[in-house]
Amino acid sequence: MNAEEILKKIDSLPSGGLTTKKIRDKSYTYYQWTENGKQRSRIVKEEEYDNLKNQIEERKELQAQLSNLEIYKNKNAATSLEETPSFITNVRIGKTLDDFSASIKDYKKRELYSAIEQYVYGDSHDKVFILYGLRRTGKTTLIRQIIYNMKDEEKNKSVFIQINPTNTLAEVNKDLRKLETLGYKYVFIDEVTMMDDFIQGAALFSDVFASSGMKIVLSGTDSLGFVFSEDEQLYDRCFLLHTTFIPFREFANVLGIYDIDQYMEFGGTMSQSGDNYNKAIFGTKKSTAEYVNTAIARNIQHSLKNYQYGSHFRNLKALYDKGELTNAINRIVEDMNHDFTIEVLTRTFKSHDFGSAKDIMRKDRENPTDILDDVDGEKITEKLKKLLRILNQKEQKIEIQEAHRREIKEYLDLLDLTCDIPLVNMNDLSSKKVTTVFSQPGLRYSQAESLIKSLMMDETFRNVDAQERKRITERIFDDIKGRMLEEIVQLETKKANPDLEVFKLQFAVGEFDMVVYDPENVCCKIYEVKHSKEKSPFQYRHLINEENCKQTEFRFGKILEKVVLYRGETCEEENGIHYKNVEEYLIEN
């Protein structure tokens, strides 16, 4: 038979497959297929079983025969086919697929690339691969890199489908069936969560097409939608790979930017290259707010709307019904970063911190003054809190309750945007305090920066000359970066060492910025994290405190190493303290 005859015969045979289920010690055979994007099934009568089985097997044999025909293996023929089939969705095959993938040929690969490659060329069957994460974290680029690096034989059997909000699962189903009959094996579907019926019908991809031999990679920015579908329709039938967390190591290796300060200010998204890295996303208050709205808030809202037919809003339903949910999510993200900023300011303006602040300023001044002594830090932080409360009240038609904050924080954790680092108090080990860290540092820094700029416009600083105001601002930003550097080190150490416990440890006097505890071998390493490039015994005073170290070893085992992570050169001090460059640590971690 030629190709046309095979296609006609395939259309006349039943699609889908047979499965057997045991109910109360009795076996039943079910015929399962997909119709108009929805999965159907019925019990197979004993007298029809053999005939139905033979027809399904014949269809699969014909599909394999069709895919092996030379006309479908030849690249030129594959290109000509591009004009022959008519598709409902935006389908790229042949030359358009080549052009689509070729533009990224010089891009460096993220570490996630190998996991996708393993799925595409591996032996796994009946499962789909889900690539998900917030916007601008490299999902589509990873897919284009996989396609570009394929051999011609594989690329001729590959297709990229771009979903838009008007598409439905039924339309995708029709296109996939047509592609299946044409012998396409590698299917990449981008922005699949844009379809309103995706969560409810996601099993179509695994149960119908992946089970027939297709390798299907799904990607999208509605990360929460993928989490919901994995828990329901795609349970145990998918591989999940999250792209949102971009560690400093990848930021440096892929984009060629090895500066930890740039990572703090702009890290969290990917771009084409180091030279073309897009700093605009977190560059202004407006662009940051737009990113939170589109990449985070609408992500959560759209996923909740489509999950369990909108019945999973829980305490957030009142906000959604009044059109306030997007604004509330944005407000809560901003509040978390404002709380972080106020905490840093409070520490900066404490009287016992002023000495070091003034000392730093005096190094570059011939006739130093005590301008900081005139700044009432407590008054400033209280004023900021009051202004923020007023702002919240003006911007919201409905009050955000603690239940709202708790549920939205759960979703931020699921999106891999936030992560809690334990804060352990040696005098109260039963305490369950945590600090919340953002996996996109540029987002935190941008919102902190906006708040500091507002602070500098306050009447408290109106009588301070420009030079002094600049010095105070630099001191505040240095403290913010110091605290953020602690968080980055804690987060990346935790993610790189899932079998170890990573936490901050506080004592009656002093603290360790990070403890890495190995419960299996009962030992630990202790760290101080400094934003400075200079060395000073003051930096490691807590690490050599005999009483603090004694308590630590009693509770967490032998201390194997005492380390100061800073921005200077790696070296070793006489007191057994290791000084290590923090950028080297993060790249090697």
Side-chain angles (χ1 to χ4, degrees), residues 244-245 248 260-261 263-268 281-285 288-289 291-292 296-297 328-350 353 357 377-378 380-389 391-392 400 402 405-406 408-413 415-424 432-456 458 472-494 502-504 506 511 513-514 529-531:
T244 296
F245 175 57
F248 176 74
I260 190 65
D261 277 4
Y263 179 68
M264 280 189 272
E265 293 180 26
F266 306 110
I281 294 175
F282 299 129
T284 66
K285 180 179 180 180
T288 301
Y291 183 83
V292 175
I296 302 169
I329 294 169
N330 199 325
R331 183 78 260 158
I332 287 170
V333 169
E334 195 170 45
D335 283 350
M336 292 167 72
N337 290 321
H338 285 171
D339 288 345
F340 161 85
T341 309
I342 290 172
E343 182 184 343
V344 174
L345 284 173
T346 302
R347 295 180 63 176
T348 301
F349 285 118
K350 278 184 178 178
D353 283 336
E378 185 175 345
I380 287 177
T381 52
E382 286 302 315
K383 182 177 292 187
L384 277 174
K385 292 176 183 178
K386 183 178 180 180
L387 288 172
L388 289 174
R389 285 195 296 269
L391 179 64
N392 286 351
I400 298 178
E402 182 57 33
R405 295 182 183 276
R406 185 172 59 252
I408 288 173
K409 174 60 167 55
E410 289 177 16
Y411 296 136
L412 296 177
D413 287 345
L415 292 176
D416 212 17
L417 180 67
T418 54
C419 177
D420 290 338
I421 301 295
L423 185 62
V424 178
K432 300 296 182 182
K433 293 183 179 179
V434 298
T435 57
T436 297
V437 179
F438 274 72
S439 64
Q440 292 186 316
L443 172 56
R444 167 153 283 182
Y445 186 86
S446 176
Q447 295 188 332
E449 182 182 44
S450 298
L451 192 58
I452 299 305
K453 287 180 178 178
S454 297
L455 169 63
M456 289 299 108
D458 186 81
I472 294 171
T473 303
E474 288 175 349
R475 163 67 190 199
I476 292 171
F477 278 122
D478 189 65
D479 284 354
I480 286 175
K481 287 185 175 180
R483 176 64 189 281
M484 286 187 63
L485 187 58
E486 286 181 27
E487 293 185 341
I488 290 167
V489 168
Q490 292 164 350
L491 176 64
E492 298 203 13
T493 302
K494 179 176 180 177
V502 178
F503 52 89
K504 189 168 188 172
Q506 294 181 321
E511 62 186 19
D513 290 336
M514 183 173 72
V529 183
K530 304 300 178 186
H531 187 246

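Keep in mind that this is a model prediction, so the values were computed, not measured. Residue numbers run from 1 in the order of the sequence given.
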Between atom [atom1] of [X] and atom [atom2] of [Y], what is the distance when rounded to the nearest 0.5 Å?
X	Y	atom1	atom2	value
T493	M514	OG1	CE	3.5 Å
F438	M484	CZ	CE	10.0 Å
I476	T341	CD1	OG1	10.5 Å
N337	S446	CG	OG	9.0 Å
Y263	I488	OH	CD1	5.5 Å
F503	I421	CZ	CD1	11.5 Å

If you measure from the Lys or Arg side-chain nitrogens to the Asp or Glu carboxylate oxygens, is any gap between [X] and [Y] under 4.0 Å?
X	Y	result
K409	D420	yes
D335	R331	yes
K285	E449	no

* Asked: Counting only N and O atoms by type, is there a donor-acceptor contact under 3.5 Å from the side chain of Q490 to the main-chain atoms of D513?
  -> yes
* To do: Keeping the roles fixed (side chain from T418, backbone from T436), state whether a donor-acceptor pair exists under 3.5 Å.
  => no
Please name the pair of heavy atoms, one in [X] and one in [Y], separated by the smallest distance, quoted to 0.1 Å.
X	Y	answer
F282	T288	CA-OG1, 3.4 Å
I480	A448	CD1-CB, 4.3 Å
R405	I400	CG-CG2, 3.9 Å

Check whether any side-chain heavy atom of [X] lies under 4.5 Å from a side-chain heavy atom of [Y], and answer yes or no.
X	Y	answer
Q506	K433	no
V292	E334	no
F245	E492	yes
L345	I452	yes
H531	D261	yes
I329	I296	yes
Q447	F340	no

* Y445 and F477 aromatic ring geometry - parallel, tilted or perpendicular at 30°/60° bounds -> tilted
* To do: Just do the side chain to side chain contact (heavy atoms under 4.5 Å, CB included) check on E486 and T435 with the steps written out, would you?
  => CA-CA 11 Å; E486 286 181 27; T435 57; over 6 Å; no
* **The single option from R475, K481, R483 passing side chain to side chain donor-acceptor pair (under 3.5 Å) against D479** => R475
